[in-house]
Amino acid sequence: MTDDTFSGVNRRNLLKLTAVAGVVAGTGLLSARTAAAEEGLSLKGKRIGISTAGTDHFFDLQAYNAQVEEVKRLGGEPIAVDAGRNDGKLVSQLQTLIAQKPDAIVQLLGTLSVIDPWLKKAREADIPVFTIDVGSVNSINNSTSDNWGIGKDLALQLVSDIGGEGNIVVFNGFYGVTPCAIRYDQLVNVTKYFPKVQIVQPELRDVIPNTVQDAFTQITAILAKYPEKGSIKAIWSAWDIPQLGATQALTAAGRTEIRTYGVDGSPEVLQLVADPNSPAAADVAQQPAELGRVAIRNVARYLAGETLPRETYVPALLANKQNVGEVSKKLGIG
Amino acid sequence: MLVDAPYIPASVIEIEAQKAFETGKPGPAFGRQLATIALRGGALAVFIGVLVVFSVTAPFFLTVGNIGNVLGQSAIAGVLAIGLTIVIIAGGSNVVTGGIDLSLAANMGLSAAVYASLVQAGHGDGLAILGALGTGLAIGAVNAAAVTLAGIVPLLATLAVMNVVAGLELVLTQNTVVPASTDFLAALSAGGPFGIPVLAYILLGFTLVVAAIVQYTPLGLRLYAVGAFPDAARAAGLPVKSFVAGSFLASGLCGGLAGVLSVSYLSGSTTGAGDMLLPVVVTALLGTVFSRRLVPTITGTLLSALFVGFLINGFQLLNISSTLVSGVQGLLILLVVSATTLLGRKENA
């Protein structure tokens, strides 16, 4: 693969023989070299601690499994622990992980205030800490989707879909989770410039577990409170599991004029977006497996002596009614 | 339950003995003796066996730091389970009609939320500690009133209180994480002397104090009497209801204390305290197999909490896939409990 690119570039270089082609070839060579270096990455003999807040959602399961696979692929030994969305268990596991003195710890998700003191303890024990979707000062590198971009794209899609005016219902139960906070802030930033768009107060609190049932119940109650069509234009949530419950509630109540918006690209929600009759309007799909692989490759780079940027962004893809087919294909979902 | 043996009518025992005699099995007495020995040492032997296996196979297991970690990690569940044990001792250990406090985990959640909210509101640790312990005690008082004054079965009374308390926590925290960091909390969650976490010392100290009271004072003896032989205790002039009410107050206080520990461990109050309930109940029930006479004891509950803690820790150190841990753990508990139950039945027969 790499060799092909390499020779391909050279051939083109020879054919064109222009200064421009020279520049192109130069960049080509450069990228080919990085790719080669990438293939040379190794975690041989390294023990990598992988800690996750849970694996009960599509996003974290994909990222978690991809991390474990990538560590194995690079010849390392993963020590993988799953807290099952229990903060006490998460802290205990991190504590034990620190005692195991792995060559690095990668933390996937988790409430910052709960885990940060323990990430700090890991750092103090000279264990390099990496994170996925956790903006901690104690992490060397955070692999994440560009949540500012995600939040902005989703908010703009929403505002444009509803014609720049109307009431929107917002789930804001996880402002303590950094990516959710950024996405929410971006929604507020965008709606600030559309004075006719109002966030319905009080905001709703999405919960874990029973997220879908709870969102269903809460939205059903909201619909009863706002019975006239047009009194609510859209429902926004920082991830797409509340969106799933909200969409189901809208369908059940026959209020399909209201549109729903969320983030994560869970297959069941993408399916709803693909359904022309469903109120699910858009879902920004992250690439969780890619996030997991990127994080592990960053660990290998760091252990090989490279300097890493503070954050590594993996592109997210906004799926709406028009392009959901392409996005699903790109994510490798049915 | 095992400790209900005293309630089994003599006739039942006679019938059992008769059966054994008629079937002509050789030496039930000999079997019983063996079973008793196996039973008394059995659970402890399993515990020690598990420790030995982990020590040999799991790297880092047999280090002071790791053992300290397990002690510290068991502190919150341990304190709650000890509170539950006091209620079981005073109420009798029939799972359905005996003493039980299902509100303990929710109590811890609300107490922690009160602590974290007070700190967030700018109050000091002193007031926050009082708030948390007061919350726990108040919940204990409600339980006590529901059981002794209204006469509701503890299982139902504390189930109802659990729901009320969980609801109050939701109202207070809006189901969000309330971060709290103070010097006191940091000191609690830090490492103490010999690299052992402060929480570990708290668990050991707390167990020591409660065990001394429950197992070595006249008060403790009466507590056991009230639970095991309520009629006899009443006839002897013991205020049975006061003892039962007192046990709920004590367990409420344990919930408050666990709340304080949890705020320090999790750097605030978090959601999902209810998840602790079943592990705590399992710990308290499993605790009886670590006592010589198969009755709930404080030290037995501590051993049980540590047993569960060491299992989880050992699995992680052995790098056994996290998806397998809870299954294997449940299987082991089932094995230990059924073995001791079967043996216990033999001993009682």
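What's counted below: heavy atoms across the whole structure, side chains too, no hydrogens, waters or symmetry copies. Naming convention: chains lettered A, B, ... in sequence-line order (proteins, then strands); numbering from 1 in each chain.
For B/Asn69, the parts lying near chain A are the backbone and the side chain together; criterion is any non-hydrogen pair under 4.5 Å. With a threshold of 4.5 angstrom between heavy atoms, A/Leu97 approaches chain B through its backbone and through its side chain. Using a 4.5 Å cut-off between heavy atoms, A/Ser92 touches chain B through backbone and side chain atoms alike.
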Next item on the list: Go through B/Val260 and B/Leu188 one step at a time and tell me if the side-chain contact (heavy atoms from CB on, under 4.5 Å) criterion holds.
Entry: CA-CA 9 Å; B/Val260 176; B/Leu188 266 190; 4.2 Å; yes

Checklist line | Derivation and outcome, side-chain contact (heavy atoms from CB on, under 4.5 Å), residues A/Phe59 and A/Asp133 | finding: CA-CA 11 Å; A/Phe59 177 86; A/Asp133 252 359; 3.6 Å; yes

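Residue A/Trp239 forms a side chain to side chain donor-acceptor pair (under 3.5 Å) with just one option from A/Asp206, A/Asp264, A/Thr211, and that option is A/Asp206.
For the set A/Gly88, A/Ala83, A/Gly84, the count of heavy-atom pairs under 4.5 angstrom toward chain B peaks at A/Gly88. Residue with the most contacts toward chain A among B/Asp275, B/Thr271, B/Leu317, B/Asn175: B/Leu317 (heavy-atom pairs, distance under 4.5 Å).
Using a 30° and 60° split on the angle between ring planes, B/Phe54 and B/Phe61 fall in the tilted class, from 30° to 60°.
Taken to the nearest 0.5 Å, the CG atom of B/Leu266 stands 9.0 Å off from the CG atom of A/Leu90.
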